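Here's the structure, in structure tokens; my notes come after.
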Amino acid sequence: MNQPSDFIIVAAVLISIGIYGIVVKRNALRLIISIELIANAVNLVIVAFSRMLPNSQGQVFVLFSIAISAAEVAVGLGIMIIAYRFYKDIDVTEYKNLKN
Amino acid sequence: MVATFLPLIFSPVVYFLGKHKGINIATWFSFGILALSTIFLIIPSLGLGSGGQYQEIYSGGQLGHFGLKLDGLSVPFAITIYIISTAVVLYSKPYMVRKILLDHDHDQTKSIVASKKDVVEGEDGKNVGFKGGNLSTMVLSKTQKSHLDTQMGIYFALYLALSMGMVGTVLATNILEFYVFFELMIVPPFFLIAFFGYGDRKKVSFVFFLWSAVGALVLLLGLLAIGFFSGGFDFDVIKSNSSKIPVDWIPLILFSIVIGFGIKLGALFLHVWLPDTYTQAPTPISVVISSAMTGIGAYGIVRIWLELLSGNYAGYGIYLDIWGVATMVFGGAMALMQNDIKKVLAYSSISSMGYIIFGLGSESVLGISGAIMLYVSHGLGKALLFMMAGSIILQTGTRNMDKLGGLSSKMPYTAVLTMIGALTIMGVPITSGFMAEWVLFNGSLQDAIDDIDYLKIAAFAVAISTTVLTSAYILWMYKKIFFGIVPETLKNVGDSSRYVIVTMGVLAAFTLILGLYPDLFYGPIINYVENLYSNSSDIAQIKQITEAQELRISDHLIGGFGDSKTNDFSQIGTGEVDGYSLQQNRYL
Amino acid sequence: MADAMFIGLSILTIGSAIISLESRELLYGGIALAVSLLGIAGFFVILDATFVAMFQIAVYVGAVAVLVIFTVMLVRSPNTVTKRETVKRKISGIILSLAFLALFGAFIGNSAVSQFSFSDAVPAVDIKEIGRELLTYYSPVLIVLAFTLAGAIIGALALARREDIEEKNEPAK
Amino acid sequence: MVGTETIGFAGLGVNAWLIWMIPFIGAALIPALKNKSERVKSYVAVGFSLLSAFFALSILPIGLAGNEIHSQIPWFSALNLNAGVLADPLGIIMSNLVAWISASIFVYSISYMHGERSLTRYWFFMLFFIGSMQLIVLSDNLLMVFFGWEGVGLASFALIGFWYTDRKKDYVGKEGHVVWGIPMWASPTHSGIKAFLFNRVGDIMMLSGMFIIFAYAGTFGFKELLADQSWAQEMTQQNLLVPAAVLLFGGAIGKSAQFPLNEWLLEAMTGPTSVSALIHAATMVKAGVFLVARIGPLFFALAVFDVSQFFEVVAWVGAITAFLLATQALVNQEIKKVLAYSTGSQIGYMMMALGIAGLSTNFVDGYTAGFFHMISHALFKASLFMAAGAILHTVGSRFMYDMGGLRKNMKKTYIFMLLASLSLAGAPLITSGFWSKDAIFASLLESSYSLSPYLFTIAVVIAVMTAFYTFRMVGLVFFGKPSKNMANMESKGQRIHEVSKMMWIPFAILAISSIAIGVVGFAFEAQIHSLFAHYLSNTFGISERGEGDGGGFLGLNPIAAISSVGAFGVGGYLGYLFYIQRKADPEKIQENVVSRAMWQFLHNRWYLNSLLYWIGVVIPLAFYRITYKYFEGIFISGINPALQYSMVFMSKVVKVTQTGNIHTYLYVFSAGIIVIAMLLLM
Amino acid sequence: MVDIFSTPSLVTIVLGTVALLIPVIDALNKEKGSKNKVYSGIAFSSLVLAMVIVITRIVSGDTLPALSLSSDGVITDDVFGGFFSIAFLIVSIMVTVSSWSYMKNKSNHAAYYSLILLSSIGMILIGYSTDFVMLLVSWELMSIPTYALAAFSKKDPISNESAVKYFLFGALSTSIIILAMGIVYGITGTTNIYDSIVALSELKTELIPFGLLAVGLFVAGFGFKMGLVPFHMWLPDTYSGAPTTVGTLLAAGTKKAGFAAAIRVIVIGLIALNVQWAFVLALIAIFTMTVGNLGALTQRSVPRILAYSSVAQAGYILIGLAVAPYAAQGIEASLFHVMNHAVMKSGAFIAAAAVIVVISGYTLDKYKGLGYRMPITAIVMTISLLALAGIPPLNGFWSKLLLFGSAIDSGQLIWWGPYLAIAGILNSALSLGYYALIIRKMYLDEGENRVRQKEPKSLVAVLIFAVGFMVIFGIWHGPILDFASMASPGDLTQLVPVR
């Protein structure tokens with residue numbers, strides 16, 4: 001056991017859960033959580049590859065990826081907070097001013 | 001050949017002139033520019049004689065060279081375009097001044113709520129005995145004056161751009177350049193119709209623009225395919241490499257070309273935009289787009305299909321033939337149904353374009369030459385008729401034929417000049433119309449007989465019978481406008497202003513001159529078309545008088561009067577006595 | 001041993017991921033996310049990427065999850081909790097996620113990925129090598145990353161900054 | 001035999017050119033005199049016509065000597081076409097006929113048109129007409145003939161519709177007379193258009209014929225066509241020679257108002273009577289006959305190729321027309337229309353003669369007969385029309401029942417009209433009409449054509465009817481009691497009087513010359529015969545069968561002469577009985593069912609007019625209307641909205657998917673990934 | 001390591017310094033009051049400086065020709081990057097200058113300009129990247145500031161909503177991109193694009209499906225930025241909801257960065273898999289054009305029309321990418337259109353911004369009679385729209401022409417090539433519907449009044465620049481076309497050993 005494909009399968013499951021989260025959940029924060037899950041699953045895949053090859057570039061890649069995710073989340077949360085100021089709510093289904 | 005670009009360069013200048021110096025200066029300035037350009041154009045054309053070509057190539061680039069070329073095909077087109085454009089400048093002045101002022105007053109008096117109301121309807125009610133020629137004596141308020149000046153400035157600016165686009169199209173030496181000009185000539189009319197048109201002008205201009213642009217785009221597809229497959233966009237390159245185009249692409253290319261130009265020509269099924277556009281455009285613009293612009297589709301077909309893809313022409317002709325005939329009949333029939341002068345003329349244009357398409361499909365040198373000549377002739381004739389319509393609108397304020405009648409006593413000059421235009425369209429001799437039509441039909445019949453193709457013969461029969469229909473609607477229109485009893489409302493109508501009469505007179509003179517001496521244009525045209533097909537057996541060639549006869553004539557040139565013993569025809573007669581008596585035996 | 005550990009970690013990670021989305025209380029969701037991220041860090045350890053695992057814990061668990069939790073507390077209101085998703089949407093979401101799974105399965109099954117294997121013969125990547133890569137080949141990326149983070153900070157600051165002056169002029173939103 | 005040919009305007013050639021150019025120059029000058037007085041305009045116009053006539057006269061000797069002038073200038077060099085004049089005996093005689101008759105009618109017009117408005121237009125078109133007519137006569141190629149052909153058509157159109165304001169009194173036909181829903185009366189402008197369109201139909205046939213010939217021969221020139229006959233050979237191989245010839249004849253049918261394009265001529269009577277006299281009696285309608293005379297020998301000369309069918313067509317069309325129109329003339333009530341019917345009928349005779357010429361061994365006989373009849377008819381019919389114009393001028397009505405008893409009031413008119421009428425009716429021995437008709441009968445009898453006896457029978461019947469309606473007309477107009485209309489006029493103080501000298505002298509001259517020719521008819525005919533015999537044999541190589549017998553003159557065929565005299569006698573007597581002596585009341589016809597039906601049939605013009613209207617106007621118009629309403633109005637006009645709506649609908653669809661809900665977006669995004677990945681995998 | 005004097009480094013240094021300095025200055029400056037003009041000026045001058053650097057480097061010939069790839073660095077200094085840099089810098093300059101007026105009454109100017117500059121760096125570096133990691137980080141450097149910028153009108157819920165949508169999509173697509181890159185890394189063992197090309201060309205057949213998964217994910221990840229259907233759904237909302245200048249940056253700038261990345265990664269990097277992706281890209285191109293144009297057809301708001309229109313334009317550009325392996329001029333055509341579209345769309349968006357600034361209206365109804373009220377804006381809008389529609393002789397025509405031409409050209413090798421051209425042509429026709437509608441509203445319909453409004457100078461300057469560009473390079477299209485052909489890698493089949 002413990003072959004790369006196992007890790008990939010775990011990552012796939014996590015990605016699927018994340019996808020489920022982003023298309024179902026109404027709460028904006030849960031959407032961010034879902035995205036983070038996906039990002040982590042992706043990182044997992046890369047690290048698994050990195051171990052398999054073995055190659056240091058994958059790990060460096062993941063480091064950058066993590067840093068980027070953090071930066072993204074920071075800005076994202078800022079946006080959510082402003083949204084919360086308007087709606088007193090972070091239900092994304094409420095954000096429907098722009099349509100058609 | 002800076003002539004081509006003069007109008008474009010000066011078009012903004014005209015705008016400012018119009019705005020700041022007044023309409024007279026703007027008019028004469030535009031006229032001057034166009035006249036100058038015309039002269040610049042005619043000078044090299046004269047140098048051409050009946051063959052050869054004059055070419056200027058300007059710049060190179062990845063997409064080929066951009067040049068301007070005058071040859072047997074472009075000369076008639078270019079000259080017609082410029083002559084009509086130049087003439088219409090003068091015509092525009094009284095017409096547009098009146099139109100703009102009326103619209104302006106209309107806008108002032110009418111609240112925005114009522115803006116949907118048809119402008120023409122508004123005009124119908126009142127009969128303004130307004131004379132364009134007396135403008136100087138009219139008292140205009142200051143706002144009116146400045147409005148007028150600005151509008152005329154815009155008008156002439158767009159107008160110049162339009163005429164430049166048309167000439168550029170026919171002079172281009174590169175299919176992309178061709179396309180650029182082709183598109184360029186639809187934008188100014190869009191604005192011109194939208195600003196100065198009648199009726200639901202916004203919608204009409206919109207429809208016009210969309211259809212024209214769609215046509216152009218479809219055309220572009222074909223042009224691109226030609227260009228890319230033959231490895232260059234220059235006419236010369238394409239011409240020499242046209243065999244490189246894969247065979248299975250040819251139908252697609254031809255299809256797009258024909259559809260593209262068909263829309264421009266207003267051929268049947270693709271004419272959707274045409275009647276309304278012609279009707280609702282301001283009349284000078286109707287004149288230009290009907291007589292000069294529409295026919296450029298024919299130029300395109302000749303240039304791009306017949307010349308550049310010449311190997312693929314024969315065999316498709318019959319489809320063009322049938323389509324042309326259908327368009328002719330349809331246009332003519334619909335023209336009979338109309339009440340509105342301009343609508344009659346619009347459908348008449350469709351019909352005329354049908355003639356041209358028919359000629360192009362004739363697969364014969366004469367047919368194609370005739371079609372090209374018909375462009376010139378239709379240009380002149382239709383310009384006259386549209387100008388007539390314009391002056392009727394100008395003088396009577398209506399264009400509904402039911403409300404007109406007996407005007408030939410009120411507007412004798414207009415009536416006479418219109419008659420010349422009508423004869424040109426009907427194709428009656430001593431007008432250029434006949435010269436165009438007989439050559440066209442002759443070529444077509446010649447081809448039909450050569451091929452012994454009964455379908456073609458039938459097409460020819462229907463086509464030539466359509467001339468009766470053409471005469472019918474033209475005369476019917478003429479009768480309704482100029483014959484009969486003058487209605488009460490039109491008792492005070494006078495003849496058109498001098499600008500109008502002179503302009504029409506010039507065009508009428510051209511059509512008569514061409515009718516009497518067609519060599520002016522036919523020289524280069526026939527030479528060009530013959531060169532195109534000199535080696536093709538599929539294309540019906542001109543049957544020349546046999547050499548013996550030529551010799552005979554030259555004998556007389558030398559021998560002169562009185563010495564003609566050589567032509568004793570009795571010899572011929574005696575030679576056939578035997579055959580003759582043989583035939584007689586049947587009755588004995 | 002690794003097997004059992006792998007399975008345990010898998011269950012932990014996936015389970016807490018589900019909890020993080022499905023928990024009634026958003027706060028628990030945040031905490032569950034942190035647990036899930038920790039699980040991922042565990043995977044990293046299994047994969048001999050300890051440095052990355054540490055980084056994961058520091059940045060993700062330490063920063064991101066905490067940030068999320070703070071935000072949860074900041075925006076906490078009755079609305080955020082009570083609204084539930086309709087069953088229809090849930091089912092469609094589940095279908096989509098299953099489709100995704102199937103997609104991955106198809107690709108993995110169709111390709112040779114399943115035959116990939118870790119070769120124990122080759123030693124795991126050395127931390128030093130990571131450092132060397134970072135400072136040589138990837139050095140420009142590092143600088144750019146710095147700009148990225150700066151951008152994020154500037155952006156976040158600009159967003160978070162309360163515009164009191166203007167808000168006075170416009171009392172009611 | 002000397003034919004003269006020139007390039008350019010050298011020598012006598014210039015005279016031939018000038019014959020047709022002078023009227024055009026005059027026409028161009030007339031508008032410049034717009035503001036001058038009526039008198040100036042009129043005299044200038046007459047002057048030009050006389051000038052042209054003198055030039056025509058100047059080349060007459062050449063023609064009578066059997067010589068010809070052929071002069072060409074380069075014209076349409078791109079196609080190697082030359083413009084040219086060809087003044088051969090045929091052309092020269094015709095040209096003189098046209099020139100002099102028109103000159104006399106011009107003189108007549110000065111008085112007749114006195115006081116009319118738009119005289120500028122009148123003179124312009126009259127001169128234009130003469131120019132065009134001479135162009136037809138003198139040009140050396142079919143294309144230029146066609147120029148003139150259309151020119152006369154145009155002048156005809158303009159002059160028929162001369163009174164373009166369409167006053168009721170200028171109409172033709174009885175108002176309220178409706179057949180099959182088609183009105184049988186017409187306004188001048190309507191008639192003008194009708195005439196133009198009917199001619200146009202003929203013209204396109206002629207053009208087609210020309211084109212076919214051009215396609216093979218590469219030339220339009222008569223001389224060139226004759227010189228090299230290989231084209232005819234090729235055409236025969238394609239079975240195209242006869243169709244081409246028949247198509248050319250189609251032009252003649254249109255122009256000469258032959259069946260089935262005869263109807264326009266009757267309505268053409270809306271023009272001023274001088275116009276009717278010139279254009280619709282004496283000259284233009286003869287253009288068709290002239291064309292056949294021009295091309296007939298050409299085709300006949302191509303004797304190796306069988307073109308007899310062409311001549312059969314000509315003959316039968318002539319016969320049918322002659323019969324058709326003669327019957328209708330029996331019942332018509334308008335004086336001008338009677339004359340018009342008669343014109344068409346007589347032209348039918350000429351066609352018959354020309355046709356039979358080609359069907360008989362003796363081409364010259366029929367040819368001469370036809371041409372002779374054309375000359376005599378031109379003279380007496382012009383005279384009759386002018387006289388009728390004089391009557392209309394006086395009475396102010398076009399209907400014969402508004403006249404009556406005019407004999408006393410208008411003595412001179414009566415006399416000369418009677419002379420001309422006798423000529424029309426074919427009064428034996430002294431009238432030109434008799435001789436020419438007799439020649440036709442003779443040629444019919446001598447023909448070897450198997451159906452010629454039938455043609456002869458028809459011709460005799462027509463001659464009976466001709467005599468009858470001629471006497472009917474004379475009787476109605478000049479005998480009997482003055483009508484109500486005249487009584488009204490008298491009571492209003494309008495004196496019914498003789499017309500001015502300017503008016504009666506021209507028709508007097510023509511009537512007298514008609515009789516004069518009749519007196520020397522035999523000699524005259526012989527003269528023409530020998531002239532044409534020479535002409536045909538020299539130019540076309542058509543030799544006379546009996547030439548060796550000396551004289552070569554067809555002689556007075558006894559059967560022909562007897563039947564001619566008999567026809568005059570029967571027809572004339574009946575006419576005399578009914579209308580001059582008024583022994584029998586023609587109203588009695590109404591009482592008999594059969595005769596009334598016949599009367600109705602004739603009165604309704606054999607329903608031919610209505611039929612043509614239905615086929616040519618009503619049904620197409622209905623069809624066009626349907627097309628306009630449904631195809632153009634719904635289908636084509638519907639394209640734009642349909643496109644618009646479909647695009648808008650699709651746009652709406654796109655917009656509906658753009659819900660604004662981010663879940664949708666994300667769902668689509670994710671699903672998109674799956675779809676694209678699957679696509680890639682495929 | 002990277003040469004410090006290479007173009008990307010120099011540009012990064014210049015812009016980065018200024019970007020970081022602006023907030024610092026702002027923080028140090030205690031004085032209240034708007035510093036908009038100052039910051040705008042600084043940002044503008046730094047962008048111009050960057051532009052000068054790029055151009056000098058290219059003109060002097062110090063850059064590597066065309067599109068260069070190497071395994072020894074994460075960035076390269078080639079003309080391809082230079083081409084995109086110039087396009088991005090033009091957009092940034094236009095946005096900066098127009099913001100001078102547009103942001104006048106808003107707050108937080110320092111951050112605003114700083115973010116624009118940072119985002120520009122990101123975009124520029126994407127064009128120069130030769131490594132997946134570099135590309136990813138640049139991508140984020142470009143994206144993250146724009147998330148903040150989209151939400152910049154903090155009092156406007158619309159702006160915020162657009163930012164939420166943009167952010168969620170962006171974050172998700174980033175993860176997707178990382179996954180794709182991870183897969184490529186997994187099957188090739190390198191993050192360098194050149195190395196991966198080499199490795200992919202020798203890829204085992206069994207691994208091809210996995211590679212294809214990477215392609216699909218890349219298409220989705222970059223396609224989100226490019227606005228390809230079906231990843232476009234955020235786009236109309238965000239472009240129209242964000243502050244219009246930011247919308248400009250997004251539409252004209254970051255969208256093109258997506259293309260830069262796609263060309264680098266998909267077209268060049270995964271060229272080995274061209275047989276599969278070309279057709280899918282072609283399909284997407286057709287759908288994108290159609291959906292974009294249809295969506296725009298019945299919109300009432302001009303920024304939204306422009307947003308949909310940029311979806312459609314993405315479809316046109318994608319044509320070039322799709323046929324790139326089969327037509328020598330595919331990439332060149334795309335680059336050409338990228339440059340043109342950057343200017344055209346900026347022109348149109350900024351004209352719309354001017355309308356918002358002056359008469360605070362963005363719906364079509366507000367545009368009625370604009371020709372009289374704001375003549376310069378209206379004429380620029382008209383010309384931009386005509387250029388977008390591809391009416392000659394404006395620049396948009398030539399690039400479209402080349403795109404369709406290359407599609408037809410590819411017809412010699414692949415059956416679907418011409419259909420792309422046909423679809424493009426039909427869509428161009430369809431697009432005229434709404435372009436002409438705007439023009440019609442501006443000139444032909446009567447507005448509220450005909451009083452001429454004062455148009456802000458900075459906006460007018462930008463607009464005139466845009467018009468100048470469109471008209472001059474429309475008539476004289478040679479230079480840009482040559483530049484594009486210089487930047488394009490030419491015949492791609494020569495680039496890599498094809499399996």
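Proteins come first, then strands; the chains are lettered A, B, ... in the order of their sequence lines, and each starts at number 1. A quick note: this is a predicted structure, and the numbers were derived from the prediction, not measured.
Between L63(A) and L134(C) the shortest side-chain heavy-atom distance falls below 4.5 Å. Using a 4.5 Å cut-off on side-chain heavy atoms (C-beta onward), F64(A) and L145(C) make contact. For the pair R30(A) and S23(C), the minimum side-chain heavy-atom distance is below 4.5 Å. Between I81(A) and L159(C), the closest side-chain pair of non-hydrogen atoms is not below 4.5 Å. Proximity of L98(C) to Y20(A): side-chain heavy atoms (C-beta onward) are nowhere separated by under 4.5 Å. S36(C) is listed as a side-chain neighbour of L37(A), based on a closest heavy-atom distance under 4.5 Å. Residues L77(A) and F70(C) fail the side-chain proximity criterion, which asks for heavy atoms closer than 4.5 Å. Side-chain atoms of Q56(C) and N40(A), non-hydrogen and from C-beta on, do get closer than 4.5 Å to each other.
With a threshold of 4.5 angstrom between heavy atoms, L33(C) approaches chain A through side-chain atoms but not through N, CA, C or O. The parts of A49(C) that come within reach of chain A are both its backbone and its side chain, each placing non-hydrogen atoms under 4.5 angstrom from that chain. N43(A) touches chain C through backbone and side chain together, each having a heavy atom under 4.5 Å away. Neither the backbone nor the side chain of S92(C) comes within less than 4.5 Å of any heavy atom in chain A. With a threshold of 4.5 angstrom between heavy atoms, I33(A) approaches chain C through its backbone and through its side chain. Both the backbone and the side chain of I66(A) come within contact range of chain C, each with at least one heavy atom under 4.5 Å from a heavy atom of that chain. S20(C) touches chain A through backbone and side chain together, each having a heavy atom under 4.5 Å away. In this structure, the portions of V75(A) lying under 4.5 Å from any heavy atom of chain C include both its backbone and its side chain. Heavy atoms closer than 4.5 Å to chain C are found in both the backbone and the side chain of I79(A). Heavy atoms closer than 4.5 Å to chain C are found in the side chain of F49(A), but not in its backbone. Residue contact with chain A, scored on non-hydrogen atoms closer than 4.5 Å, involves the backbone and the side chain of L142(C) alike. For a residue to count as touching a neighbouring chain, one of its non-hydrogen atoms must lie under 4.5 Å from one of that chain's; by this rule L29(A) touches chain C with the side chain only.
No donor-acceptor distance shorter than 3.5 angstrom exists from the side chain of R89(C) to the backbone of K25(A), with no hydrogens or angles considered.
Among the candidates I9(A), I32(A), I15(A), the residue making the largest number of heavy-atom pairs closer than 4.5 Å to chain C is I15(A). Here V10(A) is the residue among I8(A), V73(A), V10(A) with the most heavy-atom pairs under 4.5 Å with chain C.
Ring centroids of F61(A) and Y138(C) are separated by 6.0 Å or more, keeping the two rings apart.
Between L44(A) and F43(C), the shortest heavy-atom distance links the atoms CD1-CB, 3.4 Å.
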